Amino acid sequence: MSEMRPPAAADGTAGSDAASPASEVDSEEAARARKRAAMNAWREQNKDHVREYNRRWNAEHPDRVRELNRESARRATQRQRQERERKERDRRYYTDNADRIRAKTREWRAARAAEDPEGFRQARSAQRREWWKRRPRELRERDALAARDRGDAPAARERSRAYYQRNADRINAAKREHLREHPEKRREYQQRWREKERARKAAGLPPRNLHRTTPAERAANRTAADAFFTKVYPASQIEQMRNGPPTPPELLAEWNRESRRARATHLLAEQTELRNRLAKEMPPADRAAKIAEEREQARLDAIGRAVNDRLRHREPPRQPHHLDPAAPHPMLQHPNGMGLHR
């Protein structure tokens with residue numbers, strides 16, 4: 001298809017092959033850039049005229065149009081083949097020199113991050129956004145996987161665990177590399193963790209105690225949890241639980257004592273200054289042993305006294321013979337006429 005050219009300008013920048021005085025001074029690239037800008041501006045101002053001219057020319061030269069279309073398709077096919085060959089060459093080169101390329105990339109990123117951490121972080125974020133924008137199909141697949149994982153969380157966790165077990169070394173190396181390239185992010189993570197720890201201690205919560213479980217244990221726990229939370233209780237049983245006997249006071253007292261003991265133990269374990277002060281104020285080991293021995297002896301004495309008080313035979317107290325304290329003692333009275341003295 002023929003291309004309609006704009007009319008020649010007064011300075012020769014469009015529609016003329018003659019060099020202007022400015023192009024003799026400027027570089028050839030600058031002259032071409034000015035010419036392209038002038039042509040684009042002319043086409044933008046004369047859209048309807050250009051469209052009508054192209055339509056008439058195509059109708060008058062159908063054979064030439066087909067020839068130009070074939071040539072354009074051939075050039076497009078050639079460009080695509082050259083692009084595939086270039087990508088294949090780049091892929092082979094990267095495969096043969098992967099370690100050296102990764103090392104140079106790490107050095108370059110470390111230098112950029114050290115020079116301008118904030119600018120480097122923003123550039124990386126923009127690069128990732130641009131990468132996803134150029135790949136809408138991969139972005140849709142990623143969003144679909146995320147939606148599927150949200151709808152099937154246990155299966156997603158199992159897939160993640162299996163993937164981590166297969167690629168543990170590579171994932172850990174990538175994490176270490178990422179934190180080494182972004183020291184400000186590592187500091188941010190550490191600060192966030194400290195804030196969560198302070199909030200946990202202020203709330204009186206125990207430290208996290210994560211442990212590994214086997215697949216059989218997780219399946220059993222999941223089954224038990226489902227059975228517990230999905231169980232339907234009859235109305236009579238719910239009424240019985242609501243109106244049943246209260247918790248015995250001794251159990252509540254024991255629970256309160258254990259709770260206070262656990263809080264005190266946790267506080268003592270977390271507060272280093274308090275633990276050091278108590279260690280200084282507490283008596284030495286020999287004195288502590290002596291105090292413990294005295295306490296044990298006092299406990300045993302108390303037990304012995306209680307046993308003796310329970311088993312000892314006590315005679316009833318003697319009753320006074322008379323209410324008058326001036327009355328004569330019974331032994332001083334004369335015997336009666338009975339017995340041997342009658």
Side-chain angles (χ1 to χ4, degrees), residues 86-87 89-213 218 266-277:
R86 183 188 65 79
K87 289 183 178 180
R89 288 195 304 271
D90 294 344
R91 190 178 298 108
R92 287 198 302 268
Y93 178 81
Y94 183 81
T95 303
D96 298 338
N97 304 274
D99 297 336
R100 185 170 62 86
I101 293 174
R102 283 204 252 344
K104 291 182 65 176
T105 303
R106 285 194 294 268
E107 293 176 0
W108 179 83
R109 289 177 178 172
R112 287 288 306 277
E115 181 181 356
D116 185 9
E118 185 63 23
F120 179 75
R121 186 183 64 80
Q122 294 178 359
R124 291 280 290 175
S125 300
Q127 184 180 7
R128 283 192 292 270
R129 288 193 298 270
E130 186 64 25
W131 191 91
W132 284 111
K133 188 183 300 183
R134 293 195 305 268
R135 293 165 175 82
R137 183 173 59 84
E138 289 84 349
L139 181 59
R140 287 193 298 270
E141 292 177 355
R142 187 195 67 172
D143 295 341
L145 289 176
R148 186 192 65 181
D149 293 344
R150 286 193 297 270
D152 190 8
R157 286 194 294 268
E158 188 64 25
R159 287 194 299 270
S160 299
R161 184 192 62 79
Y163 179 81
Y164 180 80
Q165 289 181 352
R166 293 194 305 268
N167 306 274
D169 297 337
R170 184 174 62 83
I171 292 175
N172 293 332
K175 287 181 179 178
R176 289 192 296 269
E177 181 65 23
H178 178 74
L179 293 178
R180 185 164 53 248
E181 294 176 357
H182 303 82
E184 71 283 356
K185 186 167 293 188
R186 182 175 66 249
R187 289 191 294 270
E188 181 182 353
Y189 290 158
Q190 293 174 352
Q191 180 65 23
R192 195 180 307 162
W193 181 84
R194 293 192 189 98
E195 292 176 356
K196 290 194 297 185
E197 284 297 302
R198 284 196 292 268
R200 178 186 61 78
K201 294 177 182 178
L205 298 176
R208 297 183 63 185
N209 186 15
L210 301 179
H211 60 280
R212 294 183 178 275
T213 57
R218 288 195 294 273
H266 175 67
L267 180 63
L268 185 61
E270 294 290 340
Q271 299 292 337
T272 307
E273 298 180 358
L274 177 61
R275 188 169 60 251
N276 296 335
R277 182 170 60 83

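Since the model is a prediction, treat every value here as computed from it, not as a measurement.
Annotation: side-chain hydrogen bond (donor to acceptor under 3.5 Å, both in side chains) contacts of R89 (sequence neighbours excluded): none. Contacts of R109 classified as salt bridge (charged side-chain N to carboxylate O under 4.0 Å, His left out), with partners at least two apart in sequence or in another chain: E181. Every residue two or more places apart in sequence or in another chain that forms a salt bridge (charged side-chain N to carboxylate O under 4.0 Å, His left out) with R161 is listed here: E158. By the side-chain contact (heavy atoms from CB on, under 4.5 Å) test, E118 is found to be paired with D116, R121, Q122, residues two or more places apart in sequence or in another chain being considered. With sequence neighbours left out, R187 forms a side-chain contact (heavy atoms from CB on, under 4.5 Å) with P183, E184. Under the salt bridge (charged side-chain N to carboxylate O under 4.0 Å, His left out) criterion, D96 pairs with no residue, sequence neighbours left out. By the salt bridge (charged side-chain N to carboxylate O under 4.0 Å, His left out) test, R129 is found to be paired with no residue, residues two or more places apart in sequence or in another chain being considered. Remark: Y164 engages N172 in a side-chain hydrogen bond (donor to acceptor under 3.5 Å, both in side chains) (not counting sequence neighbours). Legend: residues meeting side-chain contact (heavy atoms from CB on, under 4.5 Å) with I101, ordered by chain and number and at least two apart, are Y93, Y94, N97, T105. Every side-chain contact (heavy atoms from CB on, under 4.5 Å) that E130 has, sequence neighbours left out, goes to K133, R134. With sequence neighbours excluded, the residues satisfying side-chain hydrogen bond (donor to acceptor under 3.5 Å, both in side chains) with R200 are E197.
Listed by first then second residue, pairs satisfying ring pair (Phe, Tyr, Trp, His ring centres under 6.0 Å) with a partner in residues 109-138 read F120-H182, not counting sequence neighbours.
Within 6.0 Å of atom NZ in K104, 12 or fewer heavy atoms from other residues, nucleotides or ligands are found, so the atom counts as exposed in its surroundings.
Using a cutoff of 4.0 Å between basic side-chain nitrogens and carboxylate oxygens, R180 and E177 are scored as salt-bridged.
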